[in-house]
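Atom set for the values below is all heavy atoms of this structure, side chains included, hydrogens, waters and symmetry mates excluded. Reminder, nothing fancy here: chain letters follow the sequence lines and each chain counts from 1. This structure is a prediction, so every number in the text was calculated from the model and none was measured.
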There are 2 protein chains.
Amino acid sequence: MSEGAVHRGRAASSGQPKSDTRAAGSGEASVVERRDEILEIAATLFAERGYRATSIRDIAERAGMKAGSLYYHITSKEALFVEIHDKALDAAAARVRAVIAGCRSPWERLEAACVEMLEIQLNPESLTLPIMNNFRSVPDEVKDALIRKRDEFERIFRDIIAALPLPSAIDRTIYRILLLRLLNTADEWYREGRLTRPEIAAQIVGIFRHEAG
Amino acid sequence: MSEGAVHRGRAASSGQPKSDTRAAGSGEASVVERRDEILEIAATLFAERGYRATSIRDIAERAGMKAGSLYYHITSKEALFVEIHDKALDAAAARVRAVIAGCRSPWERLEAACVEMLEIQLNPESLTLPIMNNFRSVPDEVKDALIRKRDEFERIFRDIIAALPLPSAIDRTIYRILLLRLLNTADEWYREGRLTRPEIAAQIVGIFRHEAG
DNA sequence: CCTACCGATCGGTAGG
DNA sequence: CCTACCGATCGGTAGG
């Protein structure tokens, strides 16, 4: 069991500690639990400040250790970011799929998906939130992996939109791109206070809702 | 004439060279012209990579000089960014105002404004393009000035949207926020090739178009 | 997990 | 406009 619950073991050498010295019932935190803490801390910081503006020292400090020590848990800043990004998208996909499963009509599905996406993007429960579209500050070598993963996630929305009875003049590809752009960058334009998240989602769906003639 | 055509002299100490030793008819570039070149170069780089990822040395290199020499023309990286941002928004405002002046109906005005915004955002003529919403990587001290300027610009759209015969269920504030978010970040989601800019603008207006019942 | 350090790079300055 | 440099900070490593 070299692969803990956290890690999906997809990327061959992702740099987690080799053995899980779990704390056999004692009050001690296991190595994988410590690693999870670090992932959450890093996710929060990356989401707040972006990739470049978040330093290894920032992350280490919040985790209560020195920068060098962090490298016991991770292999590199880049690998850390990719892992967080992948996990965040997996979690988001699961949440959106769960919530649309209970819907009957296509428009209901769209609205439920929008509400859930806003919750994911705007709630600071770290690991799930940062869809992080701010790829500009991410090194090129990493970008491809991130984009592939994101495209995979967006297939959920492609399917929802495919089922909508839209007027034929509307291009479903650009429809999806625009909608996802708004949802994925919600943390950048959302202003706390005036409208609730479901109200915002309803406004978005209200704007994007067009029935075929 | 310590204020050249480029500079609006709004921000008190913006750091341009004190006197314009213009090249009295000769083939020599004047100091203000050199400064304009630097502004264009910096604008392009900031737009491509964001504030933080663009180094003073990058800018200097493209301008054919050393990092230190740049400080003959500018006072600081932050002041440079603010100046570019202000100029870009002024130019964008002028272009959008000019284009909607020739429109008769509210929906025509909205579509014309959208087309123009996409042109501005997607054409790499540097100085005009970077509305740069990527404020995350910008230092806090600068952010307030940028936001104030941006709010000023967005008044144009507030007025256009105020004139639209929208259904009462649609909140015009969030309507404006969503629309501007799409237009301002077009360079991040636009994929060259499939649809032209006017076609994209038409799709956006098609989605955002709702007549009151 | 720590100390101590590496080479690289950053924005900016001095002095010409 | 240049050279030469500053202190700060970066991601990462060695050796314990």
Among [options], which nucleotide sits nearest the side chain of [X]?
X	options	value
B/Met65	C/dG11, D/dG11, D/dC1	D/dC1
A/Ser69	D/dG11, C/dC1, C/dG11	C/dC1
B/Arg57	D/dC1, D/dG11, C/dC10	C/dC10
B/Tyr72	D/dG12, D/dC1, C/dG11	D/dC1

From [atom1] of [X] over to [atom2] of [N], roughly how many Å is that when rounded to an integer?
X	N	atom1	atom2	result
A/His73	D/dG12	NE2	P	16 Å
B/Tyr71	D/dT3	OH	P	17 Å
A/Leu70	D/dG12	CG	P	10 Å
A/Arg34	C/dC2	CZ	C1'	14 Å
A/Lys77	D/dT13	NZ	P	14 Å
A/Ile56	D/dG11	CD1	P	6 Å
B/Tyr51	C/dC10	OH	P	13 Å
A/Leu80	D/dG12	CG	C1'	14 Å

Complement of C/dC5, any strand, by Watson-Crick or G-U distances under 3.5 angstrom = D/dG12
Any A/Lys66 side-chain N or O less than 4.0 Å from OP1/OP2 of C/dC2 |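 For C/dC2, OP1/OP2 do not have a side-chain N/O of A/Lys66 under 4.0 Å.
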Is the count of non-hydrogen atoms from other residues, nucleotides or ligands lying under 6.0 Å from B/Lys143 atom NZ greater than 12?
-> yes
Using a strict cut-off of less than 4.0 Å between a Lys/Arg side-chain nitrogen and an Asp/Glu carboxylate oxygen, indicate whether B/Glu40 and B/Arg35 qualify as a salt bridge.
->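 Result for this pair is no, no salt bridge flagged.
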Charged N to carboxylate O below 4.0 Å: is that the case for B/Arg181 and A/Glu188?
-> yes
Whichever of A/Ala67 and B/Ala67 has its nearest DNA chain C nucleotide further upstream toward 5' = A/Ala67
Less than 4.5 Å apart, any side-chain heavy atom of A/Glu83 and any of A/Leu39?
-> yes
Just checking, any donor-acceptor pair under 3.5 angstrom between side chains of A/Asn123 and A/Arg197?
-> yes
Touch class at under 4.0 angstrom, heavy-atom based, for B/Arg52 against every strand present |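 Answer is nothing: B/Arg52 stays at 4.0 Å or more from every strand.
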